[in-house]
S.K.: 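This is the structure I want to talk about, given as structure tokens.
Nothing fancy with the numbering, it's 1 onward along the sequence.
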Amino acid sequence: MDVFWSRGYHGTALPDLLRATKLSRGSLYAAFGDKHSLFLRALDRYIADALARMEFEFDPRKDPIDGLKAYLAGYVERTSGGNGRRGCLLVATAMELAGQDAEVGRRVAGFFKTMEGRVADVLSGAKAARKLADGVEPSSAARILICFLWGLRVVAKTAPTRNTSQATVDALLDRFIR
């Protein structure tokens, strides 16, 4: 996963994968099939990690707004400093492959849809608790937040300060919550 994350799919060569996995060519092919299959497994792991993190941050025992703030704080952390400059495997993959590789496109789109649905659920909980600003519709607000987060991941490559990212998150949240 780290090799693909650092170099991109097309920038990763077989010798890079052999070094990273410490496998021989034959063992790598026996274990993973081809480069594309290995990449899909790496992408699936990245997505699974992101979904697990989301479930933790959106702990149903938390107040929905506290969960949303924890979720967004995680993105601020992941877009700050070296983490931000490293970027996001999913964003890089979407830009490099999603438009030309149907299987990658399905995985990326599925993840975005899952993310959006989960955020909409949390916002629906906040609406039921009367914590959303008047006129905020959970599914539309979720779509806006997801687009915002992926934009934040892209902008993070230019190394904005943590304070700048947090202030931007806070300004957006102020539009949605009471």
Side-chain angles (χ1 to χ4, degrees), residues 1-12 16-17 20-21 28-29 31-62 64-65 67-79 83-128 132 136-157 165 168-169 172-173 176:
M1 185 170 70
D2 286 336
V3 174
F4 288 121
W5 196 346
S6 297
R7 296 176 172 259
Y9 179 78
H10 292 301
T12 299
D16 302 321
L17 297 171
T21 61
L28 182 90
Y29 286 125
F32 300 106
D34 59 8
K35 174 182 167 181
H36 190 259
S37 296
L38 176 57
F39 178 75
L40 291 176
R41 286 185 60 181
L43 184 61
D44 288 344
R45 177 176 169 206
Y46 189 87
I47 289 170
D49 290 348
L51 292 172
R53 196 172 43 247
M54 184 185 305
E55 288 308 310
F56 174 76
E57 292 164 345
F58 285 148
D59 183 339
R61 295 169 294 190
K62 287 183 186 172
I65 296 299
L68 184 61
K69 287 180 178 179
Y71 178 64
L72 295 172
Y75 272 89
V76 169
E77 179 63 32
R78 288 185 293 282
T79 60
N83 290 333
R85 284 187 296 283
R86 182 176 191 202
C88 171
L89 176 62
L90 203 66
V91 169
T93 297
M95 299 302 292
E96 182 181 9
L97 295 174
Q100 48 189 268
D101 183 318
E103 190 57 39
V104 169
R106 274 192 294 281
R107 281 172 160 84
V108 171
F111 176 69
F112 287 168
K113 184 177 176 104
T114 298
M115 250 181 107
E116 187 178 313
R118 188 67 184 104
V119 172
D121 290 345
V122 169
L123 290 169
S124 291
K127 184 173 186 167
L132 286 188
V136 173
E137 197 278 311
S139 62
S140 294
R143 194 166 306 111
I144 291 166
L145 279 168
I146 297 310
C147 289
F148 168 81
L149 290 175
W150 294 115
L152 188 65
R153 294 302 302 249
V154 171
V155 171
K157 297 285 279 181
S165 294
T168 306
V169 165
L172 183 60
L173 269 184
F176 293 145

S.K.: Could you walk me through whether Tyr46 and Arg107 satisfy the side-chain contact (heavy atoms from CB on, under 4.5 Å) test, starting with their C-alpha distance in whole Å, then the side-chain angles of each, then the deciding distance to 0.1 Å, before giving a yes or no?
M.R.: CA-CA 11 Å; Tyr46 189 87; Arg107 281 172 160 84; over 6 Å; no
S.K.: How far apart are the closest heavy atoms of Pro138 and Leu132, and which atoms are they?
M.R.: CG-CD1, 4.2 Å
S.K.: Are any non-hydrogen side-chain atoms of Trp150 and Cys88 less than 4.5 angstrom apart?
M.R.: yes
S.K.: Could you state the interatomic distance from CZ (Phe58) to CZ (Arg53), rounded to the nearest 0.5 Å?
M.R.: 11.5 Å
S.K.: Does NZ or CZ of Lys62 come closer than 6.0 Å to the centre of the six-membered ring of Phe56, within 45° of the ring's axis?
M.R.: yes
S.K.: Closest approach of Ala126 and Ile65, non-hydrogen atoms and distance?
M.R.: CB-CD1, 3.6 Å
S.K.: Please find the pair of heavy atoms, one from Ala142 and one from Ala120, that lie closest to each other, and give the distance.
M.R.: CB-N, 3.5 Å
S.K.: Distance check, rounded to the nearest 0.5 Å: Leu89 atom CG versus Arg153 atom CZ?
M.R.: 9.5 Å
S.K.: Nearest 0.5 Å, please: how far is OG in Ser165 from CG in Leu72?
M.R.: 11.5 Å
S.K.: Between atom OG1 of Thr79 and atom CG of Leu149, what is the distance when rounded to the nearest 0.5 Å?
M.R.: 9.0 Å
S.K.: Under 4.0 Å between a side-chain nitrogen and a carboxylate oxygen: does that hold for Glu55 and Arg118?
M.R.: yes
S.K.: Nearest 0.5 angstrom please: Lys35 NZ to His10 NE2, how far?
M.R.: 7.5 Å
S.K.: I'd like to know if Arg78 and Glu57 make a salt bridge, using a cut-off of under 4.0 Å between side-chain N and carboxylate O.
M.R.: yes
S.K.: Lys157 and Gly87: which non-hydrogen atoms are nearest, and at how many Å?
M.R.: CD-CA, 3.7 Å
S.K.: Would you check, one step at a time, whether the test side-chain contact (heavy atoms from CB on, under 4.5 Å) holds for Val104 with Leu43?
M.R.: CA-CA 8 Å; Val104 169; Leu43 184 61; 4.3 Å; yes
S.K.: Would Ile47 and Thr114 count as a side-chain contact (heavy atoms from CB on, under 4.5 Å) here? Give the steps.
M.R.: CA-CA 10 Å; Ile47 289 170; Thr114 298; over 6 Å; no
S.K.: Does this structure show an ion pair linking Glu116 with Lys113, if we count only N-O contacts that are shorter than 4.0 Å?
M.R.: no
S.K.: Is it the case that the side chains of Ser124 and Asp121 hold a donor-acceptor pair, with the cut-off being a distance below 3.5 Å and no angle test?
M.R.: no
S.K.: Fit a plane to each ring of Tyr9 and Phe4, take the angle between them on a 0 to 90° scale, and name the class: parallel (under 30°), tilted (30 to 60°) or perpendicular (over 60°).
M.R.: parallel
S.K.: Which residue, Leu51, Leu145, Ile146, forms the side chain to side chain contact (heavy atoms under 4.5 Å, CB included) with Met115?
M.R.: Ile146
S.K.: Rounded to the nearest 0.5 Å, how far apart are CG of Asp34 and CG of Leu17?
M.R.: 11.0 Å
S.K.: Step by step, work out the side-chain contact (heavy atoms from CB on, under 4.5 Å) result for Thr12 and Phe39.
M.R.: CA-CA 10 Å; Thr12 299; Phe39 178 75; over 6 Å; no
S.K.: Any side-chain heavy atom of Tyr75 sitting closer than 4.5 Å to one from Val169?
M.R.: no
S.K.: Can you tell if the side chain of Leu97 reaches within under 4.5 Å of the side chain of Val108, non-hydrogen atoms only?
M.R.: no
